[in-house]
J.: 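What follows is a single structure, and I will ask about it in a moment.
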Amino acid sequence: MIFHPGVLALVVGSVIVLVMAFFSVFLGIRIIIGWDITKSTAKQLILERQTYLITTIMKYVLGFQILSLFLFVYTADDIHKLFVGAMCTTGSLNANLIGWTVLFAKIVIFFLCAVWLAINRVDEMAEDYPLVKLKYKYLAALVPVIVLEGYWQLNYFLGLRANVITSCCSSLFSDEGLTVASSLASLPVTAAMYMFYGAAAVELALLSVLLRKGSVSSPLRYISGVWSLVFFVISIASIVAFVSIYYYETPVHHCPFDILQKQYMFIGYPLYGSLFGGILFSLGAAVIEKFKKIDSIRTQIHHTQRRWTIMSIVLLIVFIIIATWPVVFSNFRAYD
Amino acid sequence: MLKTKLFAAFIVIEAAALAALYVSSVSTVHLKEPEMALKGSLVRVMKLTDVAFWTEARYTRHPSQADFFTAFQDFPMSVDHFPAGSIVPPSQIHGAQ
Amino acid sequence: MLRKSFVCALLLVVISVTVYAAEPHKPSAADKCAVCGMLVTPHVKWLSQIIFKDGSVMFFDGPKDMFKFYFDIPKFAPAKTQADISDIYVTEYYTAKPVDAKTVVFVTGSDVMGPMGKEFVPVTADKVNSFMVDHKGQKSLKFDEVKVADFHSGNMDKSHADHKH
Amino acid sequence: MRGHGRIIEYALSSLSRRKLKNLSVAAIFSILIAVLSSILFLMHAYKTETLKLLDSSPEIILQNMSAGRHELIPLEYISTLSGIAGVGKIVPRYWGYYYDSLTSANYTLMAVDADDASDKNKQDVKLINGRIPQTVGECAIGSGVAAIRQIGLNDDFFMTLGTEQNVNLKIVGIFTSNSAIVTNDLVVLTKNDLVKFFNMPVDKATDITIEVNNPSEVTTVARKIRRAYPDSRPILKIELTRTYDNIFNWRGGIVLTMFFGAIAAFMIFVWDKATGINARERQEIGILKAIGWETSDVLQLKFWEGTIVSLSSFLTGLILAYAHVFYFNAQFLAPVLKGWSVLFPKFQPMPYIDLYQIFVLFFLTVVPYVAASIVPSWKAATSDPDAVMR
Amino acid sequence: MDAVIRAEDVSKVFNAGLADEVRAVAGVSVEIPRGRITVLKGPSGSGKTTLLGLIGCMSRPTEGKIIVEGKDVAKLPERFLTNVRRKTFGFIFQHFNLIRGLTVSENVMLPLYPTDIDSKQMQQRMEEILGKLDLTAKLNVKIEKLSGGQQQRAAIARALINEPAVVLADEPTAHLDTKLSGDLLNIITALNKEGKTIVIATHDPLIYEKPYIDNIIEMRDGAVKEAALL
């Protein structure tokens, strides 16, 4: 266990999130059982009011989750010096088996919470709350993931052993062969570039077609949703493979986190911000497609989808520009 | 919107004060770089390897060079071991010869 | 004592006059590798440089890039040729000090990574054996023995897998 | 979106109508944040300065081990060590501890070798009033030692371990107090005095420092030393700094944990304050709902109330903490840090600030605060709009 | 007849299923004609305030339908009910229900705070209404500094700020003397002339005996005893 203020903050944060999530699921299950929109009983009124509480809690959970994602990355960066051979955040995450799992879990939870809020938003647009049971079932399914993430995170921190000086001899020898690898396996630069720009073109094309088609519902929505996830993975792989090295101007440093730091002008924030935002909006637009068959929210969904698709296109274009900028303008050459 | 403006002003002042403190900290660090360099050279030429924060026992003065496993290092009841015993002080018997 | 240093100084003058040896330059924070564009100051332990007879200097972030430049000067500096070079310095591995590239041996295939991955590690001749053992070196080459082919041998493959061409 | 500004305005006036309650919450919250951030600021400043300074310490310190315990190291090792490729200067160190029963303090005794050419540049040390001792019978002391013994330049300094082992030294130098972080408890004397005082054998030193020209070669050198002398313990600089990094994190973590009770108590206090809204407040929310505010509008109002309190407390707390740590030398925290050290260095910490610390603080204070106020806000927001008509 | 609001067989039960179950309104059907002044008359406890709350979308009926501008709102979730309420109704409460510590102008603008309306426009509306009600001089005075009559007028101003089609008043004269009650009625009739539909719940004869009151619904024990459209 590394006893570090950042670690403490993360553990405290995940306990808070867990308590809130459990509480909202508890309320959610009561709503699933007792909900009847056609009745005006006092009980129904109480349930209706509890939906506000759950929505509020979920918004905070999402907010905390985003903060905790950042805090996790920062903390991993702050403690990398404690491990032999760890040169940056990547090294800390490699320091034991579940470092990366925790990070991925945090990202997955971020998307899941955001999708829940998207569904919730659509649901609240209709006077008959058509999705109420569905969204609380989804919520109940979300909680195990949050529990798992908290458990993994705790295990990750408990499993960390700083390579400090020990009594009989220095750590160097007791740890031989256990050194932390700092680099990530990465794709070859050229291949990654083709893949990235190809995938980006497909993504943008899909979104523009959907924007053009307007209110026509189409299986293309689902395809674009799935493709967004594919594009997300490709984008992350590309950041590791070539965007990072052009920003660092070093062909061997693939760390996807260092770009969040001051010496790179904090460029990582707009880079990841636009990517996550863009993917989120296109994913959200795809998820709510399914609910178009419900009459009371159809037109609302059309408007929402249109807005989100535009947001998604704008954000993804920003992302692609930021990712491409150093490739075009830096005088660094990866190799010729 | 008077209250909002007052509050915004308050926050802005506080934020500005913090920013000023931050700037002053950065500039102090910058100004004291020569002093730090002197300290660094002191450490280098005197071959110092530890800081003098905790001097109550030999295992705390040079944590990097202590043998922690020694039984009853300096005081049999030194339960809070490292880096300094902030909770239980050594008994007076130990202190007075 | 005085006499001895006087002789030394005289010798130094004589040497510098005869071979026009220029002192190795110190890179500034803005100096970049002439081959790959990386800043060189973060990697001073690998710094290599080519000094031309007109006094200009090219910095590299490792002997590998220096050789790339050396073998393909028309590509990187069309106005110059190998004949214009006055001195080549590399940073010796064990002393971390600049030495004349002609006086050291370059070891390939070792587990010592430079800023650009696998490197031609410059080691003084007497330390080569020790280096080969400690760092699993494969080949040791004098300056004149380094060939373009060495970039493409299996020793350097990592950099190829990683970077675009 | 336009509504937000007006809801903030209303939140402010609603807060100001209950000045006493809200100011007390904000004050307690500010103090709590100030305490926590003082801890983090101080730890970070100490840590950064320590790590920066130790960066100048030798690459390798070689200790001799005997039966698992630290032993004096034979000087004959040096010739073998200098044969290892990549090794630079090798210098033996002579040092030890002296418990001064007069002041109940531990001093660290350290030798300079006036005859050794490699020790010559010790005379160039700048952060000292006076000079480094040059001949037998002289010493230089840290400012902490000078203060606790109430002695100054040219005074006599007497240490004894019994009738045979004692020295009487003349103080020729006192390290300046801004170097106290490394020199506070030092007594620097000549090698001959130290060897005589501790009755050390002439062919041994306390340990040996080794410089390595190329940092990437340090591990290989250490491994070779280990092979040559299996009972030796090479301590690398990187391990030293790593250990210190961990010590300060650990220390900060422990103190934070100790204060976590305070955070929890405060959150309960907040919960209680927020749940127990009085009749007038309930009436107000009822009116708001009756005249057309929706539940989510009231939730927004509550959100802004919480944000206003926590944001202003957070900023105030940070300012207080900064002033406390960097202008008032962390006076309130020193006892916690000090433990039972008699000689605690008095110096102005260098104001190293890391924005990461502030982010951690935010997570430790504002996040629990916000979480604690969700349910009470919701309770208030869902009161019946027609309640005001009954 | 053009009815703004139609209540059909509306019941409201408090504490349903408990020992202290109260049927405040039981099977009431009423119509509120557009552009008229309607009075809900009856002794205290007759259910008129509850009925006023129901037709004003303050709460939902336990049973029955309430049709506001052609839309049944009886089953609407609170979120949408509030939306209907803030677009359609202005309320004048028995106890004024002004928020102490706020100025007159703030109190009046309060209903518009959470809406999307432009702040300037809001300010403009407030000044206009307060001008009409002769309160311009008191704009920045704390509400508790005002006299009873002024407070009543401020409460009316607040009810009008969202430009409602229907103004609902619950015992508006309960805390006013005869002269002030007269002033209030003058204001109300003036509003009526501007085309606003007005519903007053009261047991004050000073109101329902006025000749221009043209629709009186008399309630007793939660039911309509007599409805007379004059």
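Because the structure is a prediction, the values reported are computed rather than measured. In what follows, chains carry the letters A, B, and so on, assigned in the order in which the sequence lines appear, proteins first and then strands, with residues in each chain numbered from 1.
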J.: Quick one: ring pair (Phe, Tyr, Trp, His ring centres under 6.0 Å) partners of D/Tyr98, sequence neighbours excluded?
T.: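 Once residues adjacent in sequence are excluded, the partners of D/Tyr98 under the ring pair (Phe, Tyr, Trp, His ring centres under 6.0 Å) criterion are D/Phe197.
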
J.: Test side chain to side chain contact (heavy atoms under 4.5 Å, CB included) on B/Leu42 and D/Phe175; report intermediate values, then the result.
T.: CA-CA 10 Å; B/Leu42 175 74; D/Phe175 289 101; 3.8 Å; yes

J.: Going by the angle between their ring planes, with limits at 30° and 60°, are D/Phe344 and B/Phe53 parallel, tilted or perpendicular?
T.: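 If you compare the ring of D/Phe344 with that of B/Phe53, the planes turn out tilted.
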
J.: Is any side-chain heavy atom of D/Pro58 closer than 4.5 Å to one of B/Thr49?
T.: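 In contact.
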
J.: I'd like to check the ring pair (Phe, Tyr, Trp, His ring centres under 6.0 Å) partners of B/Tyr22; sequence neighbours left out, ordered by chain and number.
T.: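 So B/Tyr22 forms no ring pair (Phe, Tyr, Trp, His ring centres under 6.0 Å) with any residue.
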
J.: Let me know if D/Ala323 has heavy atoms under 4.5 Å from chain B in its side chain, its backbone, both or neither.
T.: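 No part of D/Ala323 comes within 4.5 Å of chain B.
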
J.: Is D/Asp207 in contact with chain B via its backbone, its side chain, both, or neither, using a 4.5 Å heavy-atom distance?
T.: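 It is the side chain, since no backbone atom gets that close.
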
J.: Which is it for B/Met46 and D/Val182 under the side chain to side chain contact (heavy atoms under 4.5 Å, CB included) test, yes or no, and what are the steps along the way?
T.: CA-CA 10 Å; B/Met46 297 294 294; D/Val182 281; over 6 Å; no

J.: If you round to the nearest 0.5 Å, how far is CD1 of D/Ile308 from OG1 of B/Thr4?
T.: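 It comes to 8.0 Å.
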
J.: Considering non-hydrogen atoms only, spot the tightest contact between D/Glu9 and B/Leu2 and give its length.
T.: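 In this case the closest contact between D/Glu9 and B/Leu2 is OE2-N, 3.5 Å.
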
J.: Could you please spell out the steps behind the side chain to side chain contact (heavy atoms under 4.5 Å, CB included) verdict for B/Val51 and D/Tyr244?
T.: CA-CA 9 Å; B/Val51 288; D/Tyr244 264 101; 3.5 Å; yes

J.: Does the B/Lys39 side chain pair with the main chain of D/Asn178, one donor and one acceptor, at a distance under 3.5 Å?
T.: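 Present.
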
J.: Does a side chain donor of either D/Thr316 or B/Glu14 reach within less than 3.5 Å of an acceptor in the other side chain?
T.: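 Present: a donor and an acceptor within the cut-off.
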
J.: Answer with side chain, backbone, both or neither: which region of D/Phe41 has an atom nearer than 4.5 Å to a non-hydrogen atom of chain B?
T.: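 The answer is neither part of D/Phe41.
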
J.: So, do D/Ser16 and B/Phe7 sit near enough that their side-chain heavy atoms are less than 4.5 Å apart?
T.: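 Contact flag for D/Ser16/B/Phe7 side chains = no.
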
J.: For B/Thr28 and D/Pro351, work out which heavy atoms get closest and say how close.
T.: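 Scanning both residues completely, I find the closest heavy atoms to be CB-CG, 3.7 Å.
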
J.: D/Leu127 versus chain B, heavy atoms under 4.5 Å apart: side chain, backbone, both or neither?
T.: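 Interface part for D/Leu127: side chain.
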
J.: Please report the shortest heavy-atom distance between B/Ala52 and D/Asp185, naming the atom on each side.
T.: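 Shortest heavy-atom contact: CB-OD1, 3.6 Å.
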
J.: So for atom NZ, which belongs to B/Lys3, do other residues, nucleotides or ligands contribute more than 12 heavy atoms lying within a distance under 6.0 Å?
T.: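 Enclosed.
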
J.: With chain D, which of B/Leu6, B/Val26, B/Leu21 has the greatest number of heavy-atom pairs at distances under 4.5 Å?
T.: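 It is B/Leu21.
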
J.: Do D/Phe326 and B/Ser25 have side-chain heavy atoms sitting under 4.5 Å apart?
T.: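 A side-chain contact is absent here, since even the closest heavy-atom pair is not under 4.5 Å.
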
J.: Quick one: does B/Leu48's side chain get under 4.5 Å of D/Leu54's, heavy atoms only?
T.: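 Contact flag for B/Leu48/D/Leu54 side chains = no.
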
J.: Please name the pair of heavy atoms, one in D/Leu53 and one in B/Gly40, separated by the smallest distance, quoted to 0.1 Å.
T.: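 Minimum heavy-atom separation between D/Leu53 and B/Gly40: CD2-N, 3.8 Å.
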
J.: Using side-chain heavy atoms (C-beta onward) and a distance below 4.5 Å, is B/Ile11 in contact with D/Ser312?
T.: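 The answer is yes, as the side chains (C-beta and beyond) meet within the 4.5 Å cut-off.
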
J.: Check this for me: does any side-chain nitrogen of one of D/Glu49 and B/Lys32 sit under 4.0 Å from a carboxylate oxygen of the other?
T.: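 So D/Glu49 does not pair with B/Lys32 through a salt bridge.
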
